Amino acid sequence: QQLNQFLLKKTGITWDSIPVSNVFVNKIRNDAFDIFKEQAVKNRRMLREDVDVDNSELLDNLNLIDENGFIKKAGVLLFHHNPEKWVPGAFIKIAFFINDADMEFQDEIHGPLIAQPDKIMDLLYTKYLKAKISYEGITRIEQYPYPKSAVREAILNAIAHKNYATLVPIQIRVYKNRLIISNDCVF
């Protein structure tokens, strides 16, 4: 937060708008762009014709590329397969705790920020959270302790509002009776 305020005051730019030298569009795999394009159209944030452009034009339209063709830090975070090379801490730690001191198992989610929410949701609902199972006739009903839509929103908020300049990963603590999602942010 302080770094962003200093940069904005002294240079008129923010931390996430600084170009990363030697990171060009051709160094980014298409899978993150594919996720972005699919979600942007599905959620009606963009029209199909707006996303049916090459990746360089898309980054330029999103103001994530500078005049020299370098991708800005925000673009690297969103789309690069290894954003931690330039922004350490741009990943998510998830662990199951027996109590506040004893961890039973853990995982880390790495990769472009645009792909992290789906990976986390899959991991949470296949490994960390247990569903109560019931049946209606022959149909199996799984009821998880937390609605998927609420958990997804909390994860998206943690990613969107994280202060990436602090280099501290997002942490998800799963207990038998609670779920804590935390990040290093300042409101």
Side-chain angles (χ1 to χ4, degrees), residues 1-8 13-23 27-36 38-40 59 62 64 70-130 144-187:
Q1 182 75 15
Q2 290 174 333
L3 176 61
N4 250 355
Q5 289 173 351
F6 173 79
L7 284 170
L8 190 57
I13 61 173
T14 58
W15 174 88
D16 58 338
S17 65
I18 296 171
V20 180
S21 61
N22 297 320
V23 178
K27 291 190 176 189
I28 297 181
R29 295 193 310 235
N30 283 331
D31 52 348
F33 286 108
D34 293 341
I35 292 168
F36 175 83
E38 175 187 326
Q39 292 297 319
L59 284 173
L62 294 170
L64 294 174
F70 293 125
I71 300 174
K72 297 176 183 179
K73 279 189 181 178
V76 169
L77 283 167
L78 282 170
F79 296 108
H80 198 279
H81 66 279
N82 185 17
E84 294 170 66
K85 185 174 180 179
W86 296 276
V87 185
F91 66 99
I92 299 170
K93 286 185 168 187
I94 181 171
F96 187 88
F97 287 84
I98 299 166
N99 54 49
D100 287 337
D102 299 316
M103 179 175 45
E104 193 168 307
F105 52 90
Q106 69 174 358
D107 290 284
E108 291 182 357
I109 304 295
H110 299 269
L113 297 189
I114 199 79
Q116 288 182 7
D118 288 338
K119 291 179 183 179
I120 295 165
M121 290 296 290
D122 287 344
L123 194 57
L124 272 174
Y125 284 91
T126 57
K127 182 176 179 179
Y128 284 85
L129 299 175
K130 299 207 184 316
Y144 285 95
Y146 312 106
K148 288 184 179 183
S149 60
V151 172
R152 184 171 185 79
E153 183 69 21
I155 290 167
L156 290 170
N157 283 333
I159 292 170
H161 297 292
K162 180 186 179 320
N163 182 357
Y164 288 92
T166 65
L167 314 179
V168 177
I170 292 169
Q171 297 181 18
I172 301 175
R173 297 173 64 99
V174 182
Y175 296 84
K176 186 176 182 177
N177 61 350
R178 62 190 161 147
L179 175 69
I180 300 170
I181 301 171
S182 59
N183 67 7
D184 192 5
C185 72
V186 178
F187 288 108

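Treat the numbers as computed from the prediction; the structure is a model and nothing was measured.
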Tell me which donor-acceptor pairs under 3.5 Å the side chains of residues 76-91 have, and how far apart each pair is, sequence neighbours excluded?
| unit_1 | atom_1 | unit_2 | atom_2 | d |
| --- | --- | --- | --- | --- |
| H80 | ND1 | N82 | N | 2.9 |
| E84 | OE1 | H110 | ND1 | 3.3 |
| E84 | OE2 | H110 | ND1 | 2.4 |

Hey, are the side chains of L62 and F36 touching, using non-hydrogen atoms and a 4.5 Å cut-off? yes
Could you grab the distance from atom CD1 of I98 to atom CE of M103, nearest 0.5 Å is fine? 10.0 Å
Less than 4.5 Å apart, side chain to side chain, heavy atoms only: is that true for I92 and K119? no
Check the angle between the aromatic planes of F96 and Y128 and answer parallel, tilted or perpendicular using the 30° and 60° thresholds. tilted
When the side chains of residues 149-160 are checked against the rest of the protein, which donor-acceptor pairs come out under 3.5 Å, sequence neighbours left out?
| unit_1 | atom_1 | unit_2 | atom_2 | d |
| --- | --- | --- | --- | --- |
| R152 | NH1 | D118 | OD1 | 3.0 |
| R152 | NH2 | D118 | OD1 | 3.0 |
| N157 | ND2 | E153 | O | 3.3 |

Walk me through whether D107 and I94 qualify under side-chain contact (heavy atoms from CB on, under 4.5 Å). CA-CA 5 Å; D107 290 284; I94 181 171; 3.7 Å; yes
Side-chain heavy-atom pair L64, L59 within 4.5 angstrom cut-off: yes
CD-CD distance between E108 and Q171, expressed to the nearest 0.5 angstrom: 10.0 Å
Assess whether atom NZ of K93 is packed by more than 12 heavy atoms of other residues, nucleotides or ligands within 6.0 Å. no
Separation between NZ (K72) and CD1 (I18), nearest 0.5 Å, reads 10.5 Å
The ring pair (Phe, Tyr, Trp, His ring centres under 6.0 Å) partners of Y164 (sequence neighbours excluded) come to none
By salt bridge (Lys or Arg N to Asp or Glu O under 4.0 Å), which residues pair with D122, not counting sequence neighbours? none
I'd like to check the side chain to side chain contact (heavy atoms under 4.5 Å, CB included) partners of Y175; sequence neighbours left out, ordered by chain and number. F97, D100, R173, N177, R178, I180
Grab the two heavy atoms, one from I109 and one from L123, that are nearest each other, plus how far apart they are. CD1-CD2, 3.8 Å
Once you round to the nearest 0.5 Å, how far does CD1 of I172 lie from CG of N183? 10.5 Å
K130: side chain to side chain contact (heavy atoms under 4.5 Å, CB included) partners, not counting sequence neighbours: none
Which pair of heavy atoms, one from I28 and one from F33, lies closest together, and at what distance? CG2-CE1, 3.4 Å
